[in-house]
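Notes to accompany the following structure.
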Amino acid sequence: MTRPFRFGVNLMAPADRAEWRARCRRAEQLGYDVILVPDHLDMPAPFPSLVAAAEATERPRVGTFVLNAGFWNPALLARETAGTDALTSGRLELGIGAGYVRTEHERADIPFLTPRGRVDHLRRTVEELDRTLRDEAHRPAPAQRPRVPLLIGGNGDRVLRLAAEYADTVAFAGAAGNKDGSLSVLTADRLEARVAAYRAFAALRESPAELNLLLQMVAVTDDRRAAVRPLLEHMPHLSEDEVLELPIVAVGSVRRIAEQLREQRERFGFSYLTVLEPAMEAFAPVVAELAGT
């Protein structure tokens with residue numbers, strides 16, 4: 001089944017009330033379907049930002065992209081999720097992942113667990129959220145039933161198994177976490193293998209999850225090679241041609257980018273596409289080109 005496209009933008013810069021409302025309204029004007037916030041220090045506080053985004057707009061849903069499970073106690077997160085869903089009139093989508101930035105844990109005086117430990121905590125958190133948010137006796141009560149839609153982000157087998165059990169949306173970042181907390185980019189073939197692994201884990205699901213991809217670079221340009229050259233120093237193991245073939249790189253004319261995303265939806269199943277705030281304006285013509293298809 002081919003899902004129609006939908007588009008999210010991850011707003012990353014803190015702002016006062018007036019500026020935040022203006023940026024959220026601009027995202028709505030540009031056609032984005034979901035207004036998202038990350039969960040990093042020095043960036044917007046997730047839940048109050050989403051309530052403000054919903055108050056400033058009418059159509060878009062709002063969501064976290066994605067919460068760092070290590071920052072959160074499951075019971076307190078269930079409270080924040082349910083309360084935010086109620087205050088946004090059921091527009092919330094909760095995104096969560098295992099976390100990968102060691103320095104943020106150190107600043108927050110929160111232990112940075114091993115990869116296994118972080119995924120164990122993610123599983124406990126997701127299981128508790130699923131149980132609690134389905135409980136009709138829980139207070140505060142969420143607006144959505146049977147629970148708030150859940151997005152789980154990650155690429156490893158254990159996270160993908162968890163997503164196969166619980167996620168309404170599975171988010172692939174196009175990069176894999178290393179033991180030191182850094183990220184390494186996934187080529188198209190490696191990403192395809194990760195999607196195939198998820199599909200195998202989810203083979204017994206009654207209905208398939210939506211698949212999301214974060215586009216790390218967007219540039220509408222007639223000179224694709226010039227646009228990606230600054231990336232080469234960060235990816236010394238890849239050639240210019242290989243960078244241009246990365247699924248997370250959307251570079252070229254609006255028509256070319258739109259065609260690339262159609263092809264990627266056919267190959268991988270990515271129908272929900274997210275861009276970072278700096279690309280919000282540049283990507284808007286692509287949103288207009290693909291909206292409703």
Should Met217 and Phe268 be regarded as members of a common hydrophobic cluster, given that ILVMFWY residues are connected when their side-chain heavy atoms come within less than 4.5 Å of each other, either directly or indirectly? yes
I'd like to know if the side chain of His105 reaches the main chain of Arg107, judged simply by a donor and an acceptor atom lying under 3.5 Å from each other, with no hydrogens or angles considered. no
Tell me whether the count of non-hydrogen atoms from other residues, nucleotides or ligands lying under 6.0 Å of CG in Asp241 goes above 12. yes
Is the cationic atom of Arg3 (NZ for Lys, CZ for Arg) positioned less than 6.0 Å from the six-membered ring centroid of Tyr272 and within 45 degrees of its normal? no
For Val9 and Glu277, work out which heavy atoms get closest and say how close. CG2-CA, 4.0 Å
Before giving the answer on side chain to side chain contact (heavy atoms under 4.5 Å, CB included), spell out for Arg123 and Arg158 the whole-Å C-alpha distance, their side-chain angles and the decisive distance to 0.1 Å. CA-CA 9 Å; Arg123 173 170 280 280; Arg158 295 183 67 220; 5.6 Å; no
Rounding to 0.5 Å, atoms CD1 (Ile248) and OG1 (Thr274) come to a distance of 13.0 Å
Can you see which heavy atom on Ala209 is nearest to which on Val170, and at what distance? CB-CG2, 4.0 Å
Which word best sums up how the rings of Tyr198 and Phe172 line up, parallel for under 30°, tilted for 30 to 60°, or perpendicular for over 60°? perpendicular
Please identify each residue that fulfils side-chain hydrogen bond (donor to acceptor under 3.5 Å, both in side chains) with Glu104, with sequence neighbours left out. His40
Whether Glu128 and Arg131 form a salt bridge (side-chain N of Lys/Arg under 4.0 Å from carboxylate O of Asp/Glu) is what I want to check. yes
Do you know which of Val34, Asp39, Asn212 makes side-chain contact (heavy atoms from CB on, under 4.5 Å) with Phe65? Asn212
What is the minimum heavy-atom distance between Tyr166 and Arg147, and which atoms define it? O-NH2, 2.6 Å
So if you build clusters from Ile, Leu, Val, Met, Phe, Trp, Tyr with side-chain heavy-atom gaps below 4.5 Å, do Leu94 and Leu214 land together? no
Run Glu242 and Met235 through side chain to side chain contact (heavy atoms under 4.5 Å, CB included) and show every step you take. CA-CA 10 Å; Glu242 289 170 329; Met235 307 175 190; over 6 Å; no
When clusters are formed by joining ILVMFWY residues with side-chain heavy atoms under 4.5 Å apart, either directly or through shared neighbours, do Leu113 and Leu41 land in the same one? no
Flag yes if more than 12 heavy atoms outside Gln29 fall under 6.0 Å of its CD atom; otherwise flag no. yes
Can you sort out the partners of Tyr32 under ring pair (Phe, Tyr, Trp, His ring centres under 6.0 Å), two or more places apart, ordered by chain and number? none
Would you sort out whether Thr57 and Arg91 count as a side chain to side chain donor-acceptor pair (under 3.5 Å), showing the intermediate values? CA-CA 11 Å; Thr57 59; Arg91 289 161 67 182; 2.8 Å; yes
Apply the test salt bridge (charged side-chain N to carboxylate O under 4.0 Å, His left out) to residues Arg262 and Glu266: give CA-CA distance (whole Å), side-chain angles for both, the deciding distance (0.1 Å), then the verdict. CA-CA 6 Å; Arg262 291 189 188 97; Glu266 180 69 23; over 6 Å; no
Check whether Thr64 reaches the backbone of Gly95 with its side chain - one donor and one acceptor, N or O, closer than 3.5 Å. yes
Close side-chain approach of His237 to Thr187, heavy-atom, < 4.5 Å: no
For the residue pair Asp168 and Glu93, establish whether any side-chain heavy-atom pair is separated by less than 4.5 Å. no
According to side-chain hydrogen bond (donor to acceptor under 3.5 Å, both in side chains), who are the partners of Gln260, at least two apart in sequence or on a separate chain? Gln264
Report whether Phe7 and Ile257 are members of the same hydrophobic cluster (ILVMFWY, side-chain heavy atoms less than 4.5 Å apart, transitive linking). yes
Taking the side chain as every heavy atom from C-beta outward, state whether Leu150 and Asp130 have any pair of such atoms under 4.5 Å apart. no
Would you call Leu151 and Val66 a side-chain contact if the rule is heavy atoms closer than 4.5 Å? yes
For Gly174 and Leu213, the nearest pair of non-hydrogen atoms, with its separation, is N-CD1, 4.3 Å
Over 12 foreign heavy atoms within 6.0 Å of CZ, Arg116: no
Is there a donor-acceptor pair closer than 3.5 Å between any side-chain N or O of Arg23 and the backbone N or O of Ala13? yes
I need the Thr125 OG1 to Leu162 CG distance, nearest 0.5 Å. 9.5 Å
Heavy-atom distance under 4.5 Å between the side chains of Phe201 and Asp157, does that happen here? yes
About how many Å separate CZ of Arg199 and CZ of Arg205, when rounded to the nearest 0.5 Å? 11.0 Å
Going by chain and number, the hydrophobic cluster around Leu87 (ILVMFWY, side chain to side chain under 4.5 Å) further includes Val51
Is a side-chain N or O of Arg265 found less than 3.5 angstrom from the main chain of Ser271, in a donor-acceptor match? no
If you define the side chain from C-beta out and look only at heavy atoms, does anything of Leu276 sit under 4.5 Å from Gln216? yes
Result for side-chain contact (heavy atoms from CB on, under 4.5 Å) between Phe47 and one of Leu77, Val37, Thr88 points to Leu77
Sequence neighbours excluded, which residues qualify as side-chain hydrogen bond (donor to acceptor under 3.5 Å, both in side chains) partners of Asn73? none
Answer yes or no: is there an ion pair linking Arg229 with Glu240, defined by an N-O contact shorter than 4.0 Å? yes
Tell me, yes or no, whether the heavy-atom count around Arg267 atom CZ, taken from other residues, nucleotides or ligands under 6.0 Å, exceeds 12. yes
Roughly how far, to the nearest 0.5 Å, is the CZ atom of Arg224 from the CZ atom of Arg256? 3.5 Å
For Pro230 and His234, the nearest pair of non-hydrogen atoms, with its separation, is O-CD2, 3.6 Å
Within 6.0 Å of CD in Glu259, more than 12 heavy atoms from elsewhere: yes
Would you compute the distance between atom CG of Leu129 and atom CD1 of Ile96 and round it to the nearest 0.5 angstrom? 6.0 Å
Drop me the distance from Leu238's CG to Glu245's CD, to the nearest 0.5 angstrom. 11.5 Å
More than 12 non-hydrogen atoms from neighbouring residues, nucleotides or ligands closer than 6.0 Å to CZ on Arg59, yes or no? yes
Nearest non-hydrogen partners of Asp85 and Ala143, listed with the distance: OD2-N, 2.8 Å
For the hydrophobic clusters of this structure (ILVMFWY residues joined by side-chain heavy atoms under 4.5 Å, transitively), does one cluster hold both Leu11 and Val218? yes
Asn10: side-chain hydrogen bond (donor to acceptor under 3.5 Å, both in side chains) partners, not counting sequence neighbours: none
